[in-house]
Engineer: 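Submitted below is the structure of interest, expressed as structure tokens.
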There are 2 protein chains.
Amino acid sequence: MKQLEIFKALSNKTRLEILQWLKDPELNFPDQIHAGFEVGVCVGQIQVKAGLTQSTVSEYLSILQRAGLVESTRVGQWTYYKRNEPAFEELSKIIQSDI
Amino acid sequence: MKQLEIFKALSNKTRLEILQWLKDPELNFPDQIHAGFEVGVCVGQIQVKAGLTQSTVSEYLSILQRAGLVESTRVGQWTYYKRNEPAFEELSKIIQSDI
DNA sequence: TTGGAATATCGGAAAAAGTCGATATATATT
DNA sequence: AATATATATCGACTTTTTCCGATATTCCAA
């Protein structure tokens with residue numbers, strides 16, 4: 001069941017916050033310098049904002065990615081994460097019809 | 001955060017199944033005899049279908065209720081649970097706008 | 001008013017998730 | 001090639017969740 005994995009990914013305060021921050025990267029990550037925001041936000045920036053260790057945030061981001069809620073792009077030594085908007089639209093529909 | 005409680009409630013295979021079963025009580029609980037389906041389905045019927053113990057299913061139903069996803073009606077010695085449909089519509093909107 | 005049936009609550013064992021520090025890997029720079 | 005930086009992965013510990021059996025509560029029926 002894919003939806004179970006999605007709901008588990010959403011069952012954590014920090015992960016929900018990360019998703020919300022990524023809705024407006026310019027506002028929430030003004031310090032990012034190595035890339036424009038089209039590719040997303042790098043792990044380090046998210047880590048600082050989350051106030052958790054690097055390993056934890058990296059793990060959280062892969063949980064979100066495995067659930068399909070974000071996607072990543074590697075650029076040089078940075079990995080940028082951004083929201084996968086179609087997944088949220090789909091989830092909204094799943095709730096209306098399948099759940 | 002209310003939405004966190006909702007997602008936690010949805011992060012369990014059996015609880016997701018219960019919600020789906022309750023979408024069509026006539027189909028999924030044909031053996032219920034003590035009441036019509038307007039009030040919902042009693043705990044015992046859900047328990048048998050879930051294949052878990054009575055205490056576990058009772059607990060699961062209160063988790064769903066605390067999250068606002070179902071509501072209960074006591075009739076005699078039975079407690080009937082049914083879906084709270086507006087909560088799902090609201091959740092669908094939350095995902096479109098807040099998450 | 002006593003016994004039985006349905007549900008709720010409690011306490012605990014096992015599994016899963018959260019979180020960290022240490023280490024590994026990948027990439028860039030010198 | 002050596003070093004530095006960003007990210008990923010690993011192992012361990014703690015907290016939370018899952019799920020059970022036992023017990024308590026509520027309501028009905030005899």
Side-chain angles (χ1 to χ4, degrees), chain A residues 1 4-19 22 25 29 31-37 39-67 69-82, chain B residues 1 4-19 22 25 29 31-37 39-67 69-82:
Chain A
M1 262 191 217
L4 186 57
E5 190 177 13
I6 293 174
F7 290 131
K8 284 186 180 181
L10 294 173
S11 292
N12 176 280
K13 187 161 172 294
T14 301
R15 289 196 296 266
L16 282 179
E17 285 172 346
I18 291 173
L19 290 173
L22 290 179
F29 302 96
D31 297 343
Q32 174 158 298
I33 53 176
H34 295 286
F37 289 111
V39 287
V41 179
C42 72
V43 180
Q45 293 286 316
I46 299 171
Q47 189 236 313
V48 169
K49 181 132 181 146
L52 294 172
T53 63
Q54 187 272 322
S55 61
T56 298
V57 172
S58 177
E59 167 74 0
Y60 280 6
L61 288 167
S62 23
I63 289 171
L64 290 172
Q65 185 171 34
R66 280 197 296 275
L69 298 171
V70 301
E71 50 195 10
S72 71
T73 312
R74 182 107 198 192
V75 179
Q77 48 194 161
W78 292 276
T79 306
Y80 296 92
Y81 284 90
K82 66 176 175 186
Chain B
M1 263 190 218
L4 186 57
E5 189 177 14
I6 293 175
F7 289 132
K8 284 187 180 181
L10 294 173
S11 292
N12 175 280
K13 188 160 171 295
T14 302
R15 290 196 295 266
L16 282 179
E17 285 172 347
I18 291 173
L19 289 172
L22 290 179
F29 302 96
D31 296 343
Q32 174 158 299
I33 51 176
H34 295 287
F37 289 111
V39 288
V41 179
C42 72
V43 179
Q45 294 285 316
I46 299 171
Q47 189 237 312
V48 169
K49 182 132 182 148
L52 295 171
T53 62
Q54 187 272 321
S55 61
T56 297
V57 172
S58 177
E59 168 74 0
Y60 280 7
L61 288 167
S62 30
I63 289 171
L64 291 171
Q65 185 171 34
R66 280 197 296 274
L69 299 171
V70 301
E71 50 195 11
S72 71
T73 311
R74 181 105 199 192
V75 178
Q77 46 195 162
W78 292 277
T79 306
Y80 296 91
Y81 284 88
K82 67 176 173 184

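In what follows, every heavy atom counts, from backbone to side chain, and hydrogens, waters and symmetry copies are set aside.
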Engineer: Check whether any side-chain heavy atom of A:Leu16 lies under 4.5 Å from a side-chain heavy atom of B:Phe7, and answer yes or no.
Structural biologist: yes
Engineer: What integer distance in Å separates B:Ile46:CD1 from C:dA6:P?
Structural biologist: 14 Å
Engineer: Could you check how far CH2 of B:Trp78 sits from C1' of D:dA29, rounded to whole Å?
Structural biologist: 11 Å
Engineer: Can you see which heavy atom on A:Gln32 is nearest to which on A:Val41, and at what distance?
Structural biologist: OE1-CA, 3.4 Å
Engineer: Kindly say whether, by distance alone, the side chain of A:Gln77 makes a donor-acceptor pair under 3.5 Å with the base of D:dT5?
Structural biologist: yes
Engineer: Mind calculating the distance between CG (B:Leu64) and P (C:dA8) to the nearest angstrom?
Structural biologist: 12 Å
Engineer: Ignoring hydrogens and angles, state whether a donor on the side chain of B:Ser55 or B:Ser58 is under 3.5 Å from an acceptor on the partner side chain.
Structural biologist: no
Engineer: Taking only the side-chain nitrogens and oxygens of B:Tyr81, find out if one of them lies under 4.0 Å from OP1 or OP2 of C:dA8.
Structural biologist: yes
Engineer: Can you measure A:Tyr80 atom OH to D:dT7 atom C1' for me and round it to whole angstrom units?
Structural biologist: 12 Å
Engineer: Measure the distance from CG on A:Leu61 to P on D:dT9 and round it to the nearest whole Å.
Structural biologist: 12 Å
Engineer: For A:Thr79, report the nucleic acid contact type (base, sugar-phosphate, nothing); a contact means any heavy atom under 4.0 Å.
Structural biologist: sugar-phosphate
Engineer: Tell me: CD of A:Glu5 to P of C:dA16, nearest whole Å?
Structural biologist: 15 Å
Engineer: Could you tell me which non-hydrogen atom of A:Gly40 sits nearest to which non-hydrogen atom of A:Lys82, and how far apart they are?
Structural biologist: CA-CB, 3.8 Å
Engineer: Give the rounded distance in Å between these two atoms: CG of A:Leu10 and P of C:dA17.
Structural biologist: 14 Å
Engineer: Starting from C1' on D:dA6, measure out to CD on A:Gln45 and report it in whole angstrom.
Structural biologist: 12 Å
Engineer: To the nearest 0.5 Å, how far apart are OH in B:Tyr81 and CG in B:Leu61?
Structural biologist: 5.0 Å
Engineer: Between A:Ser72 and A:Thr79, do the side chains contain a donor N or O and an acceptor N or O under 3.5 Å apart?
Structural biologist: no
Engineer: How about B:Leu69 and B:Leu10: do any of their side-chain heavy atoms sit closer than 4.5 Å?
Structural biologist: yes
Engineer: Strictly under 4.0 angstrom, non-hydrogen atoms only: write out the protein contact profile of nucleotides 11-22 of chain D, one letter per nucleotide from the 5' end, B, S or -.
Structural biologist: ------SSBBBB
